[in-house]
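Notes to accompany the following structure.
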Amino acid sequence: DVCSSDLPVRCDKLEILQPKVVLPMQKLLAVFLLAATVAFSQPKQKASIAGITEYEFPNGLRVLLYPDASSPKITVNITYLVGSRHEGYGESGMAHLLEHMLFKGSVNLKPGEFSRKIAALGGRENAFTNKDYTGYYQQIPAARLQEVMRLEADRFANNHWPDEEFWREIEVVKEERRMRTDDAPRMRLYEQLSAVQFVASPYRRPIIGWMSDLEAMKPQDARDFYRRWYRPANAAVVIVGDVDVDKVLAWAQDIYGAIQPGELPARKPRAEPEQNGTRRLQLKAPADQAYLAMSWKVPGFKGFDDTPAL
């Protein structure tokens, strides 16, 4: 029963009411309350710069729209502000693993059905994980936008899969690590470089995760991570292409605005201690030639105050 679970889904219940006489004052009050409810649920426009319009919904979700009629196609991107730096100790690689698991089904879709439906609509899709965020995108014909929005919102709110899918996918991720990192001397060097350069900062952990953490992961770990971070207030939807802004905004309100907000975990600061000298690392691995990598810490970019956060 989806409604009895703790997944962030909207469960509407139908109530059958007996007809009754409504006095004029009661009618006026009812209209006032209805208007107040509708106004509260309306998205608020935050910015409109360089043709990009940004809205914020009552549940915290941000939607950015950029109409461009030069091509009859649309790109839909949803970004969650959770990446490898939000993982706790012992769960490195979880953000990337969860990216994989969002393709493994929902309450309404079987494993792999999301991708099959996108392909049947004439689109293509993929996803990516960074240290700061996780993104999912689709490139589709303009006429299929509403259907794709519903598919994306469904796996956002209702991600669901059996344990067997987790155990299969964790082996895929472990093999990905072996192929891209363990068997690639240059990538091993960069991984070690980050681990040496940062001491307390979560940027020291690899996005793919340490193998020991991957081997210790359980299905419930991924479900808990999903429920903590995949919340509307932690997400932004960007839609670019041949769109009618008013129509798409109405769809977004109906589709994304119905997702329950939920609470996000507190983001505790993890300040990096001051570095008081050069750090060096030497890595020995089979290779045709020597390789040198150097890196410096620089101040972080906080973004502009007067532009949409793309």
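Position 1 is the first residue of the sequence; numbering continues from there.
Atom CD of E263 sits in a sparse spot, with 12 or fewer heavy atoms from other residues, nucleotides or ligands closer than 6.0 Å. For K131, the NZ atom sits in a packed shell: over 12 heavy atoms of surrounding residues, nucleotides or ligands are nearer than 6.0 Å. Taking a 6.0 Å sphere around NZ of K297, one finds it holds more than 12 heavy atoms contributed by other residues, nucleotides or ligands. Within a 6.0 Å sphere centred on CZ of R124, other residues, nucleotides and ligands contribute 12 heavy atoms or fewer.
Across I74 and A142, no two heavy atoms sit closer than the pair CD1-CA, 3.6 Å. Of all heavy-atom pairs between I259 and A153, the closest is CD1-O, 4.2 Å. Taking every heavy atom of both residues into account, P232 and P261 meet most closely at CD-O, 3.3 Å. Contact record, G88 with E91: N-OE2, 2.7 Å, taken as the closest heavy-atom pair. Taking each heavy atom of L193 and S295 in turn, the nearest pair found is CD2-OG, 3.8 Å. Of all non-hydrogen atoms in G209 and L214, the two that sit nearest each other are O-CD1, 4.3 Å.
T75 and N77 share no side-chain donor-acceptor pair at under 3.5 Å.
Once rounded to the nearest 0.5 Å, the distance linking CZ of F225 with CE of M217 reads 9.0 Å. A distance of 8.5 Å separates CG in L189 from CD in Q192, rounded to the nearest 0.5 Å. Atoms CD1 and CE, on I208 and M187 in that order, are 10.0 Å from each other to the nearest 0.5 Å. E165 contributes atom CD, which lies 12.0 Å from atom NZ of K110 (distance to the nearest 0.5 angstrom). Once rounded to the nearest 0.5 Å, the distance linking CD1 of I255 with CD of E147 reads 10.0 Å. In this structure, OH in Y226 is found 13.0 Å from CD in Q220, a value given to the nearest 0.5 Å.
A chain of hydrophobic side-chain contacts below 4.5 Å, direct or via other Ile, Leu, Val, Met, Phe, Trp or Tyr residues, connects I140 to L121. Placement of Y137 and I78 in two distinct hydrophobic clusters is found when ILVMFWY residues are connected by side-chain heavy-atom separations under 4.5 Å, directly or transitively. When the side chains of ILVMFWY residues are joined at heavy-atom separations under 4.5 Å, either directly or via intervening members, W229 and L81 end up in two distinct hydrophobic clusters. Two different hydrophobic clusters hold V173 and M179 under the rule that ILVMFWY side chains link at heavy-atom gaps under 4.5 Å. Two different hydrophobic clusters hold V82 and Y133 under the rule that ILVMFWY side chains link at heavy-atom gaps under 4.5 Å.
Q139 places none of its side-chain heavy atoms less than 4.5 Å from the side chain of K73. For the pair F114 and I118, the minimum side-chain heavy-atom distance is below 4.5 Å. Annotation: side chain of V76 is in contact with side chain of L145 (closest heavy-atom distance under 4.5 Å). At a threshold of 4.5 Å between non-hydrogen side-chain atoms, the residues R150 and D254 count as touching.
Shown here are the side-chain contact (heavy atoms from CB on, under 4.5 Å) partners of P141, two or more places apart in sequence or in another chain: R144. E113 is linked by a salt bridge (Lys or Arg N to Asp or Glu O under 4.0 Å) to K117, counting only residues two or more places apart in sequence or in another chain.
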Check against side-chain contact (heavy atoms from CB on, under 4.5 Å), V148 and E125
CA-CA 11 Å; V148 171; E125 36 89 49; over 6 Å; no

Apply side-chain contact (heavy atoms from CB on, under 4.5 Å) to the pair R267 and H86, showing each step before the final yes or no.
CA-CA 8 Å; R267 299 177 189 262; H86 299 94; 2.7 Å; yes

Kindly determine whether V237 and L61 satisfy side-chain contact (heavy atoms from CB on, under 4.5 Å), including the steps that lead there.
CA-CA 8 Å; V237 177; L61 180 76; 4.2 Å; yes

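Salt-bridge annotation for R188 and E191: absent, with no side-chain N of the basic residue lying under 4.0 Å from a carboxylate O of the acidic one. With salt bridges taken as basic N to acidic carboxylate O contacts below 4.0 Å, none links K174 and D182. The pair E175-R178 meets the salt-bridge criterion, since a charged nitrogen lies less than 4.0 angstrom from a carboxylate oxygen.
Under the ring pair (Phe, Tyr, Trp, His ring centres under 6.0 Å) test applied with F156, the options Y136, Y256, Y80 reduce to a single match, Y80.
Pairs engaging residues 186-213 under the ring-ring contact (aromatic ring centres under 6.0 Å, His included) rule: none recorded [sequence neighbours left out]. Screening residues 203-220 for salt bridge (charged side-chain N to carboxylate O under 4.0 Å, His left out) gives no qualifying pairs among residues at least two apart or on separate chains.
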Extract all donor-acceptor atom pairs below 3.5 Å that involve side chains of residues 276-288 and protein atoms in other chains or at least two apart in sequence.
from: R279; atom 1: NH1; to: V196; atom 2: O; distance (Å): 3.3
from: R279; atom 1: NH1; to: Q197; atom 2: O; distance (Å): 2.5

Side-chain donor-acceptor pairs under 3.5 Å in residues 97-109, sequence neighbours left out?
from: E99; atom 1: OE1; to: T129; atom 2: N; distance (Å): 3.3
from: E99; atom 1: OE1; to: T129; atom 2: OG1; distance (Å): 2.5
from: H100; atom 1: ND1; to: E169; atom 2: OE2; distance (Å): 2.8
from: H100; atom 1: NE2; to: H96; atom 2: NE2; distance (Å): 3.2
from: K104; atom 1: NZ; to: E169; atom 2: OE1; distance (Å): 3.1
from: S106; atom 1: OG; to: N108; atom 2: N; distance (Å): 3.1
from: S106; atom 1: OG; to: L109; atom 2: N; distance (Å): 3.0
from: S106; atom 1: OG; to: D154; atom 2: OD2; distance (Å): 2.5
from: N108; atom 1: ND2; to: D154; atom 2: OD1; distance (Å): 2.6

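Figure legend: cation-pi geometry between R223 and W161, with NZ or CZ positioned under 6.0 Å from the six-membered ring centre and within 45° of its axis.
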